[in-house]
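In what follows, a structure is listed as structure tokens, so that the remarks can point back to it.
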Amino acid sequence: MASFELRDLFTVAQFIKARCQHGLKAETAKADKNYIFYEVEIRDARTKGKLCFLDKVEPSATVADMKSLIHKSYPRWYPSRQALMLHPVSDFCCRVPEGKALRDDEILVDLPVGTTATIFFQDRGPQLGWAMVFLVECIGPLLIYLLFYYRLPYIYGWEYKFTPSPHKVVRLACVCHCFHYTKKLLETIFLHHFSQGTMSLKNITKNCLYYCGLTAWQAYYINHPLYTPPSYGLLQVICAFAGFLVCEIGSFSTHLVLNRLKCSKSRPTEIPYPTRNPFTWLFFFVSCPNYTYEVGACVSFAVMTQCLPAALASFLGFVQMVLWARVKHRAYIHEFPNYPELRTAIIPLVL
């Protein structure tokens, strides 16, 4: 009698399970029947001509998903080469204004479009990842400086070709310059976290011309046969060299801290704090001590060589890094409500 009751209980349980599964399938089918898909028409941002039609796009699809669908129709336009926007490009604007292109993480259902949407496409041109961008921007200045240091022919005249400079500060400046860019190359390979973002070859060319041009300008005067050593002699050279070493060690220490942060798609998910390493204590006062140390290294190099082009290059680098540091500082404040109030962007308690 007991076994019979157990069998009945098992049968009832099986029946209830089957009915629940049947009801779940019915609800799923009902949901699928009422599911709303989007129809997205892709048009050229300049000519407004139709490129392709994306049928049955899910509302949860991201801009990155739509780029992948476009890539299937046009293989030459890989996702990082595409810029999608809600409005066509103005006749007075030849480029996509910064911020007008849709972000890859934006969701279709959150965009101000109907179920039949029109998205405009623009080709951004060939792209390179940020890691490759940093490598290219470091290798160029490193090699160009050596061309002037070894005084290749056609630079200073045949009588000076491959002749060493009699000044020790010139040789020290070459060591410092090569060390700086070699360190940056190694940090790019082993330490830095890079996003999936890219840069166009056109902009990379502009950046390389800028960095290589500044390097050539400095190297030409520092390695010139008529170069004169600093006014205060060895004392000025030693003090500036010590400052250069401190800034280089500080920059490396800062990058180690940033490397150990937990990240989500290269974006930090925690606030960087100083460690027991004294070179990281600058985190108490600024959000971007790596930029502070970078500027310090450039200024120390300019003082050590007492070269006007090096001083002007330091000033231009400082202006650019202030802009970058402010952007990162605002991002930290926006991302973390408990962000330390004492911190400034790049210069402690000032800027």
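Computed over heavy atoms, backbone and side chain alike; hydrogens, waters and symmetry mates excluded.
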Problem set entry | CA sep, side-chain torsions, deciding dist, call: S60, V109, side-chain contact (heavy atoms from CB on, under 4.5 Å) | CA-CA 6 Å; S60 59; V109 71; over 6 Å; no
Measure up the [X] and [Y] rings against each other and bin them: parallel (under 30°), tilted (30 to 60°), perpendicular (over 60°).
X: F301; Y: H177; result: tilted
X: W158; Y: Y154; result: perpendicular
X: F244; Y: F241; result: parallel

Look only at the side chain of [X] and the backbone of [Y], and say whether a donor-acceptor pair between them is shorter than 3.5 Å.
X: R124; Y: S80; value: yes
X: K67; Y: Q82; value: yes
X: R326; Y: A345; value: no
X: Y74; Y: L51; value: yes
X: Q236; Y: V303; value: yes
X: N290; Y: T254; value: no
X: H255; Y: S251; value: yes

Measure the spacing between [atom1] of [X] and [atom2] of [Y] and express it to the nearest 0.5 Å.
X: L102; Y: L111; atom1: CG; atom2: CG; answer: 5.5 Å
X: R46; Y: D123; atom1: CZ; atom2: CG; answer: 9.5 Å
X: F279; Y: I249; atom1: CZ; atom2: CD1; answer: 4.5 Å
X: I155; Y: Y150; atom1: CD1; atom2: OH; answer: 13.0 Å
X: W217; Y: C307; atom1: CH2; atom2: SG; answer: 8.0 Å
X: E39; Y: K56; atom1: CD; atom2: NZ; answer: 9.5 Å

Between [X] and [Y], does any side-chain donor sit less than 3.5 Å from a side-chain acceptor?
X: D65; Y: T62; result: yes
X: R151; Y: T163; result: yes
X: Q306; Y: S231; result: yes

Quick one: are [X] and [Y] in side-chain contact, heavy atoms under 4.5 Å?
X: L128; Y: T198; result: no
X: I144; Y: Y211; result: no
X: F120; Y: L84; result: no
X: L135; Y: I189; result: yes
X: I346; Y: T292; result: yes
X: L185; Y: Y181; result: no
X: L342; Y: F284; result: no
X: E248; Y: Y293; result: no

For this session: Report the C-alpha distance between D104 and V63 in whole Å, list the side-chain angles of each, state the deciding distance to 0.1 Å, and finish with yes or no for side-chain contact (heavy atoms from CB on, under 4.5 Å).
Result: CA-CA 5 Å; D104 285 349; V63 173; 4.2 Å; yes
Verify the neighbour count for atom [atom1] of [X]: are there more than 12 heavy atoms of other residues, nucleotides or ligands below 6.0 Å?
X: Y210; atom1: OH; answer: yes
X: F336; atom1: CZ; answer: yes
X: F285; atom1: CZ; answer: no

Problem set entry | Candidate pair V295 and V322, rule side-chain contact (heavy atoms from CB on, under 4.5 Å), full reasoning | CA-CA 10 Å; V295 172; V322 166; over 6 Å; no
Between [X] and [Y], what is the shortest heavy-atom contact and its length?
X: A302; Y: S314; answer: CB-OG, 3.9 Å
X: I107; Y: P59; answer: CG2-O, 3.3 Å
X: L351; Y: F318; answer: CD2-CZ, 4.2 Å
X: Y78; Y: P126; answer: OH-CA, 3.4 Å
X: Y149; Y: V170; answer: CE1-O, 4.0 Å
X: N207; Y: E137; answer: ND2-OE2, 3.0 Å

In this structure, would [X] and [Y] fall into the same cluster of hydrophobic residues linked by side-chain contacts under 4.5 Å?
X: W281; Y: Y339; result: no
X: V113; Y: L54; result: yes
X: L282; Y: M321; result: no
X: L191; Y: L261; result: no
X: V246; Y: V175; result: no

Problem set entry | Non-neighbouring partners of R43 that pass salt bridge (charged side-chain N to carboxylate O under 4.0 Å, His left out), sequence neighbours left out |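 For R43, the residues satisfying salt bridge (charged side-chain N to carboxylate O under 4.0 Å, His left out) (neighbours in sequence not counted) are E41.
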Exercise. Looking at Y220 versus Y156, is the centre-to-centre ring distance below 6.0 Å?
Worked result: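 Between Y156 and Y220, which both carry aromatic rings, the centre distance is below 6.0 Å.
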Donor-acceptor contacts under 3.5 Å from residues 221-230 side chains, at least two apart:
| from | atom 1 | to | atom 2 | distance (Å) |
| --- | --- | --- | --- | --- |
| N223 | ND2 | A219 | O | 2.9 |
| H224 | ND1 | L226 | N | 3.0 |
| Y227 | OH | T305 | O | 2.6 |

With sequence neighbours left out, write down each residue that passes side chain to side chain contact (heavy atoms under 4.5 Å, CB included) with [X], or none if nothing qualifies.
X: R103; value: D105, E106
X: L209; value: T205
X: T280; value: S253, V257, P274, T275, N277, F283

For this session: Decide yes or no on side-chain contact (heavy atoms from CB on, under 4.5 Å) for F148 and Q218, but give the supporting numbers first.
Result: CA-CA 10 Å; F148 289 89; Q218 299 175 66; over 6 Å; no
For this session: Answer yes or no for R343 and Y273: cation-pi contact, defined as NZ/CZ to six-membered ring centre under 6.0 Å and angle to ring axis within 45°.
Result: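 Yes, cation above the ring, under 6.0 Å and within 45°.
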Exercise. Which pairs with one or both residues in residues 292-321 pass salt bridge (charged side-chain N to carboxylate O under 4.0 Å, His left out), sequence neighbours excluded?
Worked result: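 Only K184-E294 qualify under salt bridge (charged side-chain N to carboxylate O under 4.0 Å, His left out).
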Exercise. Per the side chain to side chain donor-acceptor pair (under 3.5 Å) rule, which among K328, H329, R330 passes with S287?
Worked result: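 Only match with S287 under side chain to side chain donor-acceptor pair (under 3.5 Å): H329.
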